[in-house]
Every structure is written in structure tokens, then in C-alpha cells.
Q: 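Pasting a structure here, questions to come.
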Amino acid sequence: MTYRGSVPHGHGSGFNGQTQYPQAANNGGYDAWGNPQFQQPYQNAAFTPIPYPHQPQAHNAHQQVQQQHQPQPQNANYQFQAYDPSFDQRPLQHLPPNGVNAPGQLVHGMQQPAQQTPHQHQYANWQHMPPPMPIPSPSYQTSSPHLPPPVTPQTMPQQQYQYQPQQQHQHMHQQHQHQRPIPQHANSPATAQSPQLPPQYMPNQNSRYSGTNARIGHADPVSASPRLSTNAITRSPSVSSARSPAPTPGLVPHHADTNSLLICLAEEFFSKARTETVSMVENIDAQNLHDYQKLVATGLGCLEVVLDSPKLAPRLEAKVRFRYASILCEETNNVMEAETALTKGITLCERNRFTDLKYAMHFLQIKLLFSQQKGKAAMIALDSHIRDAEVMKHYHWIYAFRFLKTSMYLQSTNPAETHALENLKAIANLASQRTDRAIFVLASLLEGLSLLKTMKDDSIVRIQTCIAQALKYQLEDSVRIPQLDVLALMLDLACSLHQKSVQVIMQKLRSLQNQIDACMSDKSWHSLDTELLLPIRKTNTQVISHDTSAVLRPGADNDAHDYLVMSFWSKLEAYTVTYTYSGLALLYQTPRNDRRIFKLWEEALAQLQKAGIKLRGLPNSLADAIARSDWHKEWMCYLYILQGLHFATHTRWAEVKNCVVQLENLVKPPLEGVVVLYSTYLAGVYHQGTGDLKTASSIFRNRMFSLNGARGGGNGNRKSTELEVSLLATFNRLWIMQHPEYRDDRLTLELLEQLRPLCADHPNMEIRTAYNLVLAAVQTNPPIPMTAVKMHISTALNNAQSLGNVQTLSIALNLMRAKLFQSIVGDQALKSARAASNQAKRSGNTLWMSVADGMLAQSFDVQGQSLDAQKAWEDATQYARQAFDMMRSENAV
């Protein structure tokens, strides 16, 4: 009977095994079972029977002779992949449905008595066509944790073949004559039939992956062909070299197919875990976290099995190591394992000259260093890679590394330091030389953004210079990127808000809103996509590929540009930022439309609550989802703070309390910094406005609002915004201390002494205005000279008028009336009182309206106008009643 093993999928031709069975004497061309005999079988086509672990591992001919007398078991399983006219004529027996044999297997009952062998825990390795025996399930048998455990047969019957001693001696003699070692390669038939089985199926427990020669050597088969030796297998010239289109049914697939399957499974696990991050952030419990970690761990386990494969292509191994390290960086705290994987991957890329993957791994390695708070080491490594890329003239990666350096500087406490700005200027110079206009525009805008975060004396002028540099290429097609256009207009509006230029603010706000409206129909900018593609002129050096698409993406063949990939803001995110900025800009409008301001901020809040963390697309990992959730909460806190402060200026304390409650629910660790300061300050304002001065005073005395060391080194790393909030809290504290029960002259002088160097020349005009109002209003011992009071009131009035701040102007006019025209007879005093009353009504603050009308009634009374005085006093009483009713109703709530 002739057995022919199929060629494994994806490899070269194998060999057709033929085994000669005992022949009966004078059979007339047929064997003992009635099968036709071929007198001249194919040369090099005989199958070599391999003893399996149930029989001793014999290594000499004497042990093989002893095995001849062992009977053959019944019901041996045969598996036919291809057969010829010499098909076996024995009757077929159906296999019981035990799930062991694959479809297409034929089972023959042998005519010899069966002999049961004890159960063993070691299974034989697969060969091209092993002797008839029960085989494991044809499903993938791997050690991956996500796959079911292999089915273990209870018995392992084995087939023994009997040979005549003379034939066996002759075959061994031919084997030694024709034996010659053949080096193994990808097309070796023995190599092709080496599936990745679990360790319990491996005959050699000392080695995880046994080679083909070792398996054949341990089996010590008896060859029936002079071309087939015990240590080497050669191709049969009679077998076609065509590749098989599909893997052989019933056999475990080749390791290459197993690796592909494991990689696909790993990506499926990672994708499944990624889709669950959105729901997990909303409600993280132990079970969901365990399931998520199990998905990630199973995916990593699949990649580990692939990396342990002995015959992995170098390119594929580098890509798998890169992916494995990136998942470790994003999802775990296994820093050492990630660094080890990157180091091995970089070494592999250098050995095989995979320049693109080597740069990508260096990029990830630097991000890993920066995430471990090793900023200095990351910067040193960055500078080294930038120098190497400059020497090799790999301009694409010079851009990538320098922008990574820029992002690190932007996350630092001083983003506008000299080295950060020099790095951005180096990007702009290189982009100007290579005519990469989009890169030049982005570098200029990021330089302006870095200056905006620090806001020094000359920052506004330098920011305007950066914007002008970016806009000089606005007519070129490569620069018409909607994200960059919106960023330039947003940066320009922010400068105007700092300058407090009322007319310019409204003009720039209209330009920003028109640009946002134009972007609604732009299909290149998706609503939830944060990906920004910057065109870079192609070079002859191929240092990028599709494997580096997360950082540098190659353009199409007919495209003259490659693309630098950056994470920017989505269209929906830009809309929400525009709503927030529009509300701030409308505060300077005259007359001010408060209803529209609140509507804009409510729309921004609705967008945030509707989109959630998906405002910037689907998170990449659980850590990324948590970071986005914190950012989402921080943005909502800013909006609640803006609303609460604006409600407080209109004495709408019920709405202020709602904002305070929302902030108490949102402001929790890890939120810190300015958000915590502003939310605490708003709580103090609420208690002060509702008459709870004790609670308000305790809040403003909090250490987070301390000004100690503000001029020294202790405040060197403190942000300007945090310092401004502390200054506001100190102003409120001084106002409270004017109450007789909280009067403290010594502490008042100390606080004024701390404020003087910080506020006298502060770049923010609103801070200077509030400081002058405080100096004009507080009572000190000894008192401030009247000439100084007049100077402070005059400065505050001029600043308030230039700012267009109705609330500040109302306070300044009332202070002028109280300090300079108290009990004064004359038209000037009456004009001052009337101006203060009118301005208080414009501000909408009922408390200040009551104070202003009360002073107006007193001025009328001094002038002898009793009717006007009585009417003004009634108005003041009504406004005071409304203010107290608001506070009373709020306290009842």
C-alpha cells in the first residue's frame, strides 16, 4: 500500500512516503490483503516508520529487531491526503464520534490482534505521514491562554511494522551508503511539518522547540529507501515543487500560520479591550477591571508566543516586538520588560538595516523615559537622535524628534524657556529651507502658544510676530489646513483678551466664528478625529514605511508629499473651545448681552456632557481613557467656574450654589492646580456673598492662597494663573476684614505689604484695577493719606473705562462718591452719585444698586431735594430687600 503525505501550506514540496508491507509467498502480484503490488516503487518515496514515545527510544539495529515481534493494534487510524490506484482494498470501519480524527480520515481494521498500551503523557511529533495511530484534534494546539486546552486521548495505540532481517540489514546498509546531511532551510519537508505543539506533546523535555534532525534521530527509524537517512531528508525528484494552496486537513498548521493567527488574535483582544474603555471609565469596578486586564494579558501572551517562535522572519519579529513594547508602555507598569523589548528590537533593526522601525522604536523609547519622570534623560536621548538624523539627512525624523521635544517642553512648568524656543526656531528654519510650509506654520504657532502660557512683559508682541510669520503663507495650498487656521485665529483672540482691547476683541471674535462656520462643510476634518497630517516633501531616502504610520506616514505614489502625523483637536473640540472663548469675549461687549453669554457656555457644557471622553475619538488604552476623563472634567470645571463667577456678579446665589455643588462633585484627585484654586475661590465668594463671612474668611485663609515667598525662589515654578487666583483671594480677605468683627489692623498692613510688589506693575490690567480699588477702600491704622486715595481711585476709574468692565466701573464710582463727596454740597457731588447709581443699574448687581441709590438719596437730602431723596431711598430699600430675599431663599435651600 502506498501513502502519500500532502505538502504543507506555504512551503516547498515534501516527499511521498511509501511503506512496504509483508508480502505473502507466490501471491501473483498481490500482497497478503489483496492489494496490488508495484514491483518498482518510486525511488526515495518510501515512508520511514518512526517509533513514538510509547515504545523505547531505540538507537541501534538490535532494538529494532526486537520490535519486529510486537503485534499491531487494531482500529489504527489512517489519514489519506492523496492516493493512487493502489488504494487499499481492506474494508473500511467508521470511527466512533470521539472528536479525534478530522473529516476525511479512513479507519481500517487490521487483521492482527490488538495490544493495548498504557497511557502516556508524552505524544509524538508530527511527521510527513506517521504510521497509523490515533492523532490529536486538528485544531490549533498552542499554549496561548485564550485557546482551549488540547484534547488528550486516553490511549495511544501504535503501529508496528515487521520486516525481514535480511531486508532490514540491506536497508541499513543502503542508508549508510547514501547518507549525507542536508542543511535545513525554509523549504525543507521536515521543517515544514514542525507544528508548534504544547510542551506536553514534545518528546524532548529539555528543549522547548526540538529540531527536525533531533526528532528523527531520537526516533531511529528503519528506512526502506536508500535516499532517506535517519539524520537527513532529501526531496524526491518525482514530487512536484508546486506549493499547496491550503494547509493539509487534519494536521496542526505550520508555525508561520500559527504566528499569523496569534497576531490576529492579539489584535482582536486589544481591540475588544479598547472598545470597553469608554464604559469602564464611567464605572470602574473590580470585575470590569479584571476582564479588561485579562484581555490585555491574553493579547500580550499571544505576542510572547510569537516572539518565542524559532523561525520568525526578522521584519515580522521587529514589528511584533514594537507592538509588544507599545502595549506594555500604554497598558502596564512593566517598564523593564518594555525597555528590554525595545532594546532587542533596536538591535534587530540595526542588524537587518530596518531604519524605519529603528527610528520608531527610538521614538517610543524616549516617550517611555519621559513618562517615568526622567525628563533630563529623555532630552539627552532626543538630542543624540536628532544629531544622528541630521548627519544621515533623514529630515522626516528630524521633524518628528523635534516636535516630540516641543511637546515635552509644553508639558513642563516653563514652556517658553530658551531651549524650547530655540528648538521651535530650528524646526522653522529647516522647514523654510526645504519649503515645508505647513511645518513652518505649525512651528510658528506653537512658539506663540508657548509664549502665551508664560505671559511675560513682551509676550504679546512676540506672539503677534509668530502669528504674522504663520500667516505669510496662508495663500499656499499646502498650508490650507483647517486645524491650523482655527489655531491661528484662536491664538490671536487670546492675545486680544489679554490686551483687553474691546473693539479688537469683537472683530477677531467674528473672524473666528466665520472660520468655524466654514469648517462645518470641510470633509477633511472629521468631527471626532484628532489626527493632523502635515505634508512633508519626499526625499530619495526611504526611512519611513506603513509600519511607522503612527508618526510618519508615506504618501501615495502619485503624491509628492509624505505626512507627519500629530494628535491635534477634533472639530467638535474646536467648536466647544470656540463657544467658551466667545462667552469670554462677549463680557467686553458694550452693552453686554448676559443672556447670550450664558447660552454659549451652556452649549459648551451640553457638548461636553453629550460627547464625554469620545470628544477626542476612541481612547487608545485605559490610561488614555482616564487621562481624557480627567481632561473632560477639568474643562467642565472651567465652565462651571465661569458661570459661577458671572452669576455672583448678578447676585444669583442659587445658580452660584449649583455651580459650587457641581464643582465639589467634579474636583477630586487627581485634579489639581488652577482648577482646585478657582473652585475653592468660588466657594469662598458664595459664602461671602450670602453673608457667611466666617466660612468665607476661613476659605480665603487656606494655605493654597498664601503669598509667602511669591517674590522669592519658592514661587519660581508657580504659574501666573495660580498667582492671580491667590491675589484675588487676598483682595476678598481684605474686604471681609473691613467688618468690625473681623478687623485686624496688623494683618491688614502685612497683606498690603505683600501685595504691593506683586500688583503695582502686574501685566494684567484687571489685577491692577482691583488692587487700586482695595487700596482706596480699606481702613488702616495709620490711615492711608487722602492724596493717595484720590490717586488710587483715579487709576481705577481710568483702567475700568479702558477695559469696558461695567462691574469694576460701578465699584470705582461708588467708592469715589463715598470717599470724596460724602456730605458735600454741590453739583459735582450730585453728579458723582447719579453716575454711580446709573452704572450700578447697568451692572445688574442688586446689592451695589442698593448701595448706590442709598448714597444718591443722601446726596439729594444734603442738597435739600427731599422728594428725590425719598424716591431714591425707596429704590435702595427695594433693591436691598431683593438682595436679602435671594440670600434668604438660598439659605433656606
Side-chain angles (χ1 to χ4, degrees), residues 500 502 588 590-592 649-651 688 727-728 730-732 734-739 748 752 755-756 759-760 762 764-865 868-869 871-873 875-876 879-880 883:
K500 316 300 180 184
V502 180
Y588 299 92
T590 305
R592 188 166 63 187
T649 62
H650 294 76
T651 62
Q688 182 180 0
L727 294 175
L728 292 176
T730 307
F731 295 158
N732 287 75
L734 287 170
W735 283 100
I736 293 174
M737 290 171 64
Q738 301 308 301
H739 194 280
T748 300
L752 290 176
L755 289 173
R756 183 174 294 108
C759 300
H762 198 279
N764 192 335
M765 186 181 295
E766 291 179 336
I767 295 293
R768 297 199 305 268
T769 305
Y771 172 67
N772 283 281
L773 291 176
V774 169
L775 290 179
V778 296
Q779 298 178 6
T780 61
N781 189 13
I784 299 176
M786 184 55 63
T787 55
V789 171
K790 291 181 179 180
M791 183 186 65
H792 293 313
I793 293 176
S794 176
T795 304
L797 279 172
N798 294 331
N799 291 342
Q801 289 177 353
S802 62
L803 289 172
N805 192 327
V806 179
Q807 182 74 17
T808 306
L809 185 59
S810 172
I811 297 174
L813 289 173
N814 280 280
L815 279 175
M816 183 179 68
R817 161 61 185 80
K819 290 290 186 177
L820 303 180
F821 299 100
Q822 181 68 22
S823 301
I824 300 296
V825 179
D827 293 340
Q828 188 66 28
L830 191 58
K831 290 180 180 179
S832 175
R834 285 176 174 173
S837 177
N838 294 332
Q839 196 65 29
K841 289 181 175 63
R842 291 181 59 191
S843 68
N845 191 311
T846 56
L847 186 59
W848 280 106
M849 290 162 64
S850 174
V851 172
D853 284 352
M855 290 189 296
L856 178 61
Q858 187 181 13
S859 297
F860 280 132
D861 186 58
V862 170
Q863 299 290 338
Q865 302 176 10
D868 294 336
K871 185 179 182 302
W873 187 260
D875 293 341
Y879 291 138

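Only a predicted model underlies this, so the values are computations on that prediction, with no experimental measurement involved. These values consider heavy atoms only, across backbone and side chains, with no hydrogens, waters or symmetry-generated copies. Heads up: numbering here begins at 1 and tracks the sequence.
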Q: Using the side chain to side chain contact (heavy atoms under 4.5 Å, CB included) criterion, which residues pair with A836? Sequence neighbours excluded.
A: L813, N814
Q: Q688: what forms a side chain to side chain donor-acceptor pair (under 3.5 Å) with it, not counting sequence neighbours?
A: N732
Q: When you compare the side chain of M855 with that of F821, does any pair of heavy atoms fall below 4.5 Å?
A: no
Q: Let me see the working for I824 and V862 under side-chain contact (heavy atoms from CB on, under 4.5 Å), right down to the final yes or no.
A: CA-CA 7 Å; I824 300 296; V862 170; over 6 Å; no
Q: Quick one: are T808 and L803 in side-chain contact, heavy atoms under 4.5 Å?
A: no
Q: Nearest heavy-atom pair of L773 and W735: which atoms, and what distance?
A: O-CZ2, 4.4 Å
Q: Report the residues that fulfil side chain to side chain contact (heavy atoms under 4.5 Å, CB included) with Q822, sequence neighbours left out, ordered by chain and then residue number.
A: R817, Q858
Q: What distance do I811 atom CD1 and L797 atom CG have between them, rounded to the nearest 0.5 Å?
A: 11.5 Å
Q: Which heavy atom of N799 sits nearest to which heavy atom of S802, and what is that distance?
A: O-OG, 2.8 Å
Q: Provide the full list of salt bridge (Lys or Arg N to Asp or Glu O under 4.0 Å) pairs with a residue in residues 820-834, sequence neighbours left out, each pair given once.
A: none
Q: Name all pairs fulfilling the side chain to side chain donor-acceptor pair (under 3.5 Å) condition that reach into residues 787-798, sequence neighbours left out, sorted by first residue then second.
A: N772-H792
Q: Just wondering, do W848 and S837 contact through their side chains at under 4.5 Å, heavy atoms?
A: no
Q: For T846, which residues count as a side chain to side chain donor-acceptor pair (under 3.5 Å) partner, sequence neighbours excluded?
A: T651
Q: Run L830 and V825 through side-chain contact (heavy atoms from CB on, under 4.5 Å) and show every step you take.
A: CA-CA 8 Å; L830 191 58; V825 179; over 6 Å; no
Q: Could you pull out all residues at least two apart from S850 that satisfy side chain to side chain contact (heavy atoms under 4.5 Å, CB included)?
A: A876, Y879, A880
Q: Identify the two heavy atoms, one from A777 and one from K819, that lie closest to each other, and give their separation to 0.1 Å.
A: O-NZ, 3.8 Å
Q: Would you say N805 and T769 make side-chain contact, with heavy atoms under 4.5 Å?
A: no
Q: Which pairs, with at least one residue in residues 766-789 and sequence neighbours excluded, count as a salt bridge (Lys or Arg N to Asp or Glu O under 4.0 Å)?
A: K500-E766
Q: Evaluate the side-chain proximity of W873 to L856: yes if any heavy-atom separation is below 4.5 Å, no if none is.
A: no
Q: Quick check: do Y771 and R756 have side-chain heavy atoms less than 4.5 Å from each other?
A: yes
Q: Looking only at non-hydrogen atoms, find the nearest pair between A788 and I784 and report the distance.
A: CB-CG2, 3.7 Å
Q: Is any side-chain heavy atom of M786 closer than 4.5 Å to one of V789?
A: yes
Q: Taking all non-hydrogen atoms of both residues, which atom of A812 and which atom of I793 are closest, and how far apart?
A: O-CG2, 4.3 Å
Q: Can you name the side chain to side chain donor-acceptor pair (under 3.5 Å) partners of S843, sequence neighbours left out?
A: none
Q: Look at the side chain of N845 and the backbone N and O of T649, then say whether any donor-acceptor pair between them is shorter than 3.5 Å.
A: yes
Q: If a pair satisfies salt bridge (Lys or Arg N to Asp or Glu O under 4.0 Å) and one of its residues is in residues 849-865, list it, with sequence neighbours excluded.
A: K841-D853
Q: Can you list the steps and then say if L815 with L820 is a side-chain contact (heavy atoms from CB on, under 4.5 Å)?
A: CA-CA 8 Å; L815 279 175; L820 303 180; over 6 Å; no
Q: Per the salt bridge (Lys or Arg N to Asp or Glu O under 4.0 Å) rule, what does the pair list look like for residues 842-851, sequence neighbours excluded?
A: none
Q: Could you pull out all residues at least two apart from H762 that satisfy side chain to side chain donor-acceptor pair (under 3.5 Å)?
A: none
